[in-house]
Amino acid sequence: MSAVTLSKSLQVALLQFHASSDKAANLIKVTEFIKKAVSNNPKPQLLVLPECFQSPYAVDQFKNYAEKIPDGETTQLLSKLARENKISIIGGSIPEFDELDGGLYNTSVVFNSFGEIIAKHRKVHLFDISIPGGITFKESDSLRPGNKATVFEIPEIESKFGLAICYDIRFPELAMIASRRGAGIMAYPGAFNTITGPKFWTKFAVARAIDNQNYVLMCSPARNPSGGYQSYGHSMVVDPNGNVLIEAGHDEEIIYCELKKEIIEEARKSIPISIQRRFDIYDDVSKDPIVSAL
Ligand SMILES: NC(=O)CCC(=O)C(=O)O
């Protein structure tokens, strides 16, 4: 495992708000939430947005909100907001239209504090489920899956991250790959719902944190009673020992948290699972996967 890359202390903010069917209003809302978050004292160094923050979370709607990246208006707006506010942003996710292959993807774009795109993750595991009497959802009806794990570094805040989207959290490999490649933080923009959220959301956040002894950031849309898909909310930050440091309710709010490098180091030193792996009896998933930032 590479040494963990995290500045001594990092201030983060998770912005929990809901989207409506009005894209222009959604872009105004994200602008307002970012302005509010950066005016906090202490000012956060990194903002995390929710999954699908400029569109409804609906398979038959993604095409109507999809944009090219980087040319689309949402990517341009986040770049400008990152630059103007001198802040790094993990840009939740938006439906992306790729004109080269004609596909739609659920894509998260990351900006440094100069507004430059430094990472892009396309949701790898699509949310295709059917729970009798509960919820049926089939992202693959309109989306294509991404084909790589995403690990990136933000030099200005001296931190390395893994990035994945929502349902991706059910597959521990992406977080393992990131942590073994030096990430101290795993970020998941995600929109669990009122059926699977209460059962699984916190458990997965804690599991991915303990598996890898890293911080986990989960940023959800707020619940929107007048919308269709009901997001769970409960954005949270979990520390490397599996403690939930802060948790939102299900309404719109911003939560702030300080992440500390020494907590990761202590967790990994005192219970050194990271160096006790038995790759002689099972494979190291971080060895030759397809990984990149962009
Ligand atoms: N947006 C999603 O991928 C939802 C995932 C989810 O709810 C789950 O239970 O997993």
Side-chain angles (χ1 to χ4, degrees), residues 14-21 26 48-66 74 90-96 103-109 120-150 162-176 186-209 211 216-225 227-236 238 244 247-250:
L14 278 52
L15 284 53
Q16 176 170 300
F17 56 91
H18 55 69
S20 67
S21 55
N26 297 335
V48 188
L49 307 180
E51 182 179 24
C52 289
F53 66 88
Q54 53 81 294
S55 73
Y57 186 60
V59 284
D60 61 347
Q61 290 299 314
F62 292 139
K63 63 178 180 309
N64 301 325
Y65 295 78
T74 305
I90 297 180
S93 80
I94 65 168
E96 175 193 7
L104 293 181
Y105 298 86
N106 186 342
T107 304
S108 183
V109 181
K120 178 174 128 167
H121 178 76
R122 288 175 167 172
K123 191 174 191 174
V124 168
H125 305 93
L126 295 182
F127 182 45
D128 285 1
I129 62 154
S130 184
I131 303 177
I135 174 173
T136 296
F137 205 91
K138 198 156 178 240
E139 276 191 318
S140 65
D141 275 347
S142 60
L143 299 178
R144 295 186 192 175
N147 56 11
K148 66 172 180 70
T150 304
L163 174 62
I165 301 174
C166 203
Y167 197 59
D168 280 337
I169 200 172
R170 289 182 178 267
F171 303 85
E173 289 84 353
L174 297 180
M176 279 189 225
M186 192 69 206
Y188 294 98
F192 272 46
N193 51 76
T194 48
I195 307 290
T196 61
K199 284 191 183 134
F200 298 116
W201 173 262
T202 306
K203 289 178 187 148
F204 278 122
V206 170
R208 295 298 83 86
D211 289 342
V216 169
L217 313 179
M218 307 267 283
C219 188
S220 170
R223 209 164 294 170
N224 181 2
Y229 183 91
Q230 291 299 311
S231 294
Y232 181 51
H234 293 267
S235 297
M236 63 173 58
V238 181
V244 177
E247 176 174 354
H250 58 244

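Predicted, not measured: the structure shown is a model, and the values here were computed from it. Read the numbers this way: they start at 1 and go in the same order the structure lists the ligands and their atoms.
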Quick one: does ligand 1 sit under 4.0 Å from the side chain of Glu51, the backbone, both or neither, non-hydrogen atoms only?
side chain
What is the closest protein heavy atom to atom 7 (O) of ligand 1, and at what distance does it sit?
Thr196 OG1, 2.9 Å
Ala191 near ligand 1 by a heavy-atom separation under 4.0 Å:
yes
Would you please determine whether Tyr57 falls within less than 4.0 Å of ligand 1 on a heavy-atom basis?
yes
Quick one: does Arg223's side chain have a donor or acceptor within less than 3.5 Å of a partner on Tyr232's backbone?
yes
Using the test ring-ring contact (aromatic ring centres under 6.0 Å, His included), find all partners of His250 that sit at least two apart in sequence or belong to another chain.
none
If we ignore angles and hydrogens, is there a donor and acceptor under 3.5 Å between the side chains of Asp168 and His121?
yes
Is there a side-chain contact between Ser220 and Trp201 in this structure, where contact means two heavy atoms from C-beta onward sitting under 4.5 Å apart?
yes
For atom 2 (C) of ligand 1, the closest protein heavy atom turns out to be Cys166 SG, 2.9 Å
Report the residues that fulfil salt bridge (Lys or Arg N to Asp or Glu O under 4.0 Å) with Glu96, sequence neighbours left out, ordered by chain and then residue number.
Lys120, Arg122
What is the nearest protein non-hydrogen atom to atom 6 (C) of ligand 1, stated with its residue, atom name and distance?
Phe127 CE1, 3.3 Å
Are Asn224 and Gln230 linked by a side-chain donor-acceptor pair shorter than 3.5 Å?
no
Ligand 1 contacted by His125 (non-hydrogen, < 4.0 Å)
no
Please report the interatomic distance NZ(Lys123) to CG(Leu143), rounded to the nearest 0.5 Å.
8.0 Å
Quick one: does Tyr188 get within less than 4.0 Å of ligand 1, heavy atoms only?
no
How far is atom 3 (O) of ligand 1 from the closest protein heavy atom, and which atom is that?
Lys123 NZ, 2.7 Å
Which residue and non-hydrogen atom of the protein lie closest to atom 10 (O) of ligand 1, and at what distance in Å?
Arg170 NE, 2.6 Å
Does only the side chain of Trp201 get under 4.0 Å from ligand 1, or the backbone, or both, or neither? Count heavy atoms.
neither
